[in-house]
Chemist: 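Below is a structure I'd like to ask you about.
Chain A is the first sequence line, chain B the second, and so forth, proteins listed ahead of strands; every chain is numbered from 1.
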2 protein chains.
Amino acid sequence: MQPVTTSASLTTQVTDMLRAAVTSGEMRPGEHYSAIGLAEKLGVSRTPVREALQLLEKEGIVRIEKNRGVRVIQMSLDEIVQIFQIRIILEPPAAARGAEAATDEDLAHIQELHGKILEAAAAGDGTQTLQADKEFHLFLLSLAGNARLTALDRELRNLVLTRGLVTIPTSRSGQDLADDRRDIIDALLRRDSAAVAQAVREHVTRTAKLLITGVSSTTPGLSAEEYLRKIDQLARHCS
Amino acid sequence: MQPVTTSASLTTQVTDMLRAAVTSGEMRPGEHYSAIGLAEKLGVSRTPVREALQLLEKEGIVRIEKNRGVRVIQMSLDEIVQIFQIRIILEPPAAARGAEAATDEDLAHIQELHGKILEAAAAGDGTQTLQADKEFHLFLLSLAGNARLTALDRELRNLVLTRGLVTIPTSRSGQDLADDRRDIIDALLRRDSAAVAQAVREHVTRTAKLLITGVSSTTPGLSAEEYLRKIDQLARHCS
DNA sequence: TGGTCACCGGTTGCATGCTACTCATGAGGG
DNA sequence: CCCTCATGAGTAGCATGCAACCGGTGACCA
């Protein structure tokens, strides 16, 4: 039904391309880039690139250094912790509400999405698995009927991806995460919203811990302990 | 110690000015504006205005209509509810954690900020009251040590301001809100984090209800009931 | 009279020129 | 030998030119 999708504005396209370049690892954190260079590479003028970079800066993906160029932000462990602190607060209640509001078709669709995760995981396609996992969770959250919350969560997830791609898919941890999802689905099918909240909470917490230990292990001289402690520092105050 | 604060970029300044123009009511929701017109009015070229508008669009304050100009978004009651649903989930645990982490100086500063709210309220300066209230809450949240959460909350608050300026300051409700703040401070001084969470939760919930009934009363044929019900639809699932 | 279409004012979107700024390098002085 | 400072290469930031595009209005035709 789309009328050939009159191609979106260049600025928008460039934004997406650059974001993809970052999450795919093509543009590396800490590295320096110039708007003029990126413009040439993409075959457009500096203006849309510059505007795209400003938007990405607002997302927290890059930092613009006045008259110096742009730098992909090397997300610190501290910021990763902050993001997960937020996710651990937000996602459980949203998922629980989603469980209440879900129709039978929604539940069927969830199981379908779950199937796709398993397929991708079985095929050993890490990127695809991550993508499918994201869709699964975002669909669940969207059932709560709060579009802004869903969008917010999507952005938080994207941010982590810039650091997370490498570290997530170890086989052992992949199994744990799969078990978590199984728990979520079981609770969903029972329409036990409290159990859904609990399962989601554990799932996100586990993801956070995996990521943190992973990142800190590749950064010698950094103790994961301190950061692991912080993860549920906020969530435990949820009344 | 600041080296004369080399003035921020024009784009940034324009962004702030336009945002202020929206929240102050100078630019009205639903109204149509052109980048070229705004640029003339501000005495700058179209480029920084255009870039500022793109950033504001990302914040959700305006919508850019291709080749047509820009429109200040008329926030729907539904979106207001969504924003408060998020705030009611986020703020209580953050405030509670802040209560744990606060130093004695922090507590003193909080009381100072509280004093400023009372002053502004006594002087009958609505705008100033709102501003002081924002600072109070954001400072409390910042004590939790999660800068991203604080920034997020600031943005959510700004969004509501585009609709909220008019409706908040009725004398009766102002007193209720002041009482809430009193509760928050009492709990803070006792370092009773659970009570802080509870008090914040009630405060935000009350604010939401005031705003919703206010807005719906100025929009005839709209029942507030439906929206009021939704407010804590998510928060009640906080385990 | 009703409908279609061409035109036109107004706007954004992108490209590009120019200025001012930042940082690094290297020469010159102490 | 070290420190200082001038110079230059490279950059973002802003202004402006130009084309493509949208929507409305009025003329023209059936």
Chemist: Give a yes/no on whether any side-chain N or O of R50(A) is located under 4.0 angstrom from OP1 or OP2 of dC14(D).
Modeler: yes

Chemist: In whole angstroms, how far is the C1' atom of dC14(D) from the CG atom of L53(B)?
Modeler: 16 Å

Chemist: Looking only at heavy atoms, what is the nearest atom pair of N146(B) and Q85(A), with distance?
Modeler: ND2-OE1, 2.8 Å

Chemist: Expressed in angstrom and rounded to an integer, what is the separation of I36(B) atom CD1 from dC14(D) atom P?
Modeler: 18 Å

Chemist: I need the minimum non-hydrogen distance between T15(B) and L56(B), along with the two atoms involved.
Modeler: CG2-CD2, 3.9 Å

Chemist: Counting only side-chain nitrogens and oxygens, does S34(A) get under 4.0 Å of the OP1 or OP2 atom of dT11(D)?
Modeler: yes

Chemist: Checking contacts here: which listed nucleotide (dC23(C), dA15(C), dA15(D)) is nearest the side-chain heavy atoms of V44(B)?
Modeler: dA15(D)

Chemist: From CD of E40(B) over to C1' of dA15(D), roughly how many Å is that when rounded to an integer?
Modeler: 14 Å

Chemist: Does a side-chain N or O from T11(A) land closer than 4.0 Å to OP1 or OP2 of dC14(C), or not?
Modeler: yes

Chemist: The side chain of P48(B) lies closest to which of these nucleotides: dT12(C), dC14(D), dC22(D)?
Modeler: dC14(D)

Chemist: Among the nucleotides dA12(D), dA15(D), dT12(C), which one has an atom lying closest to any side-chain atom of A35(B)?
Modeler: dT12(C)

Chemist: Between the side-chain atoms of T47(A) and the base atoms of dT16(C), is any donor-acceptor pair under 3.5 Å?
Modeler: yes

Chemist: Which word best sums up how the rings of H203(A) and H137(A) line up, parallel for under 30°, tilted for 30 to 60°, or perpendicular for over 60°?
Modeler: parallel

Chemist: For the side chain of R46(A), starting at C-beta, report the closest nucleotide among dG17(D), dT11(C), dG13(D).
Modeler: dG13(D)

Chemist: Considering only NZ, NE, NH1 and NH2 on the basic side and carboxylate oxygens on the acidic side, decide whether R71(B) and E31(B) come within less than 4.0 Å.
Modeler: no

